[in-house]
Each structure stands twice: as structure tokens, then as C-alpha cells.
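Just so it is clear, the values below take in all heavy atoms, side chains as well, and ignore hydrogens, waters and symmetry mates. Not measured: the values here are computed from a predicted model. Counting starts at 1 for both ligands and their atoms, following the listed order.
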Amino acid sequence: MSSRFHIAKASFIISAPDLARCPDMQNRPEVAVVGRSNVGKSSFINALVRHNGLAKTSQTPGKTRLLNYFDVQGKLGEKPAGMVLVDLPGYGYARVSKTEQAQWRREMERFLKEREPLKLVLLLVDSRHGPQENDCQMAEWLQFFGLPILVIMTKVDKLSKNVIQKQRQLTAKGLDVMPEKVIPFSAVTKQGLDDVWRALIERDLVVTT
Ligand code: GTP
Ligand code: MG
């Protein structure tokens, strides 16, 4: 059984406008967070690293426009360890022009396909709505390029236990992943927090530094 990760510090590194300007993180494994605009990506990151206000959240969709790098440091058992998180711009925000959306999409796809240290993509889906067409496209695309994914069902504090289980099955089916790869999560109640960390540690994404 893997040890627990005790977070000591989470810090913002840089907002990279594109792949070429991503920081040198000494080849430590990186975990990217993707999903529709307003699904709760930034809130997820803040809850995960227990640092409110680290990733900028907002009620205005389309807030995150860059590849935002975060460094999480702490201890795995007795050993100093850490992980790198990357908050990506949300897709599917209607009020952004088609041209601009296409441009972001190209940038994001280039990053996902070519960023060497990227080892896992966390695909966030709103638990109330289930996967939308662009979520299915994203999941299919990631699987096509052989990128491992885990699905995070966000905002489950808005649903009853029964509905959460139903939505979990539907989400797994809709995205063509195993139900075990879908983790119900709430940034408000912190439900699912331990499950996400366990999954990250099991996949060796928290590495000794
Ligand atoms: P963009 O960066 O614009 O793509 O959005 P985002 O995916 O980063 O979403 P963000 O974290 O900014 O959250 C969007 C809205 O959803 C905010 O009003 C949050 O307070 C709310 N929200 C996020 N997570 C949760 C959650 O677990 N439960 C509830 N009830 N609300 C949430
Ligand atoms: Mg955001």
C-alpha cells in the first residue's frame, strides 16, 4: 500500500502561452486538468492542494486562458516528494469567437500531444450534466493518442448519493472508460479528495524530489 502524501506547499510557477514556453520542471511527471469552461477545474486544483485562491476561480466562464503551472511539494511517507499540475483553458465557451476557440484548441492539442513529461490527464465533467459532445471528443482524442486519463465528476455536492452512482455509470459509458476511472468529487465538501490522491500516488505521479 502506498504512503500518504502530506502537502507542505503549493505554488504557482508560470502561465505559459504555448507549449514552447512551458517551464523546465526537471522532467518531473506532469498532470494536466482539462474540461469544459466552468466545470470546476481551478476549484478542483485548489481543493486538491488545499490552497484556496491558488488557481483563479470565477463565475465568468473562460477565465483560464493559459497553461497554468503549479508545483506541489510535500512528503510521501518520510521522503520529500512533489507533483506538477497544469490547469488548462476550458473548452466549449460559447462567448469566445470560433476563431479564438479553434486557436486555443490547437494550442491545447499540441501541448497534450507533445509535452514529454505529461503522464496523466484529469478530464473533469460536471456531474449534473454528464459528458457533453466535446467531452466525448476529448476523451476519444486522448485515448487515440495513448494518454492515460482519469475522469473527475465535479460538483457532486449538488446531487444525492443515488444520483451520483447513476451519473457515474452514465459518465463512464458516455466516455468509454471503466467506471473505476470515474471519481466523484466536490470542491465544496472535499468528497473524493483521498480517492484522487490515492490514484495519483498509485500511478507514481508523486515523485521523490
Ligand atoms: P474556467 O477556468 O473558466 O474554464 O472555469 P473552471 O473550470 O476553472 O471553473 P471554476 O473552478 O472557476 O468554477 C466555476 C464555478 O463553479 C465557480 O462558481 C465555482 O465556485 C463553482 N464550483 C466549482 N467546483 C464546485 C463544486 O465542487 N461544487 C459547487 N457547488 N460549485 C463548484
Ligand atoms: Mg479555471
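- Both the backbone and the side chain of Val188 come within 4.0 Å of ligand 1, judged by heavy-atom distances.
- Listed for the Arg28 side chain is no donor-acceptor partner under 3.5 Å among the backbone atoms of Val207.
- Residue Gly40 has at least one N or O atom closer than 3.5 Å to an N or O atom of ligand 1.
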Enumerate donor-acceptor pairs with a distance under 3.5 Å from any side-chain N or O in residues 74-82 to protein atoms, sequence neighbours excluded.
none

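- Residue contact annotation: Ser186 has a non-hydrogen atom under 4.0 Å from ligand 1.
- Considering both main-chain and side-chain atoms, Thr154 never comes within under 3.5 Å of ligand 1 through any nitrogen or oxygen pair.
- Here the rule is side chain to side chain contact (heavy atoms under 4.5 Å, CB included) with Arg36, and of Thr154, Leu124, Asp135 only Asp135 fits it.
- Residue contacts with ligand 1: Phe185 is placed with no nitrogen or oxygen under 3.5 Å of a nitrogen or oxygen of the ligand (distance criterion only).
- For Asp176, there are no salt bridge (Lys or Arg N to Asp or Glu O under 4.0 Å) partners, not counting sequence neighbours.
- For ligand 1, the polar-atom distance check against Ser42 finds a nitrogen or oxygen pair separated by under 3.5 Å.
- If you check the side chains of Asn68 and Ser15, you find a donor sitting under 3.5 Å from an acceptor.
- Note that CD of Gln137 is 11.5 Å distant from CG of Leu175, once rounded to the nearest 0.5 Å.
- Counting backbone and side-chain atoms alike, Ser37 contributes no N/O/S atom closer than 2.8 Å to the Mg ion (ligand 2).
- The Ala187 neighbourhood of ligand 1 comprises atoms 24 (N), 26 (C), 27 (O), with distances under 4.0 Å to a heavy atom of that residue.
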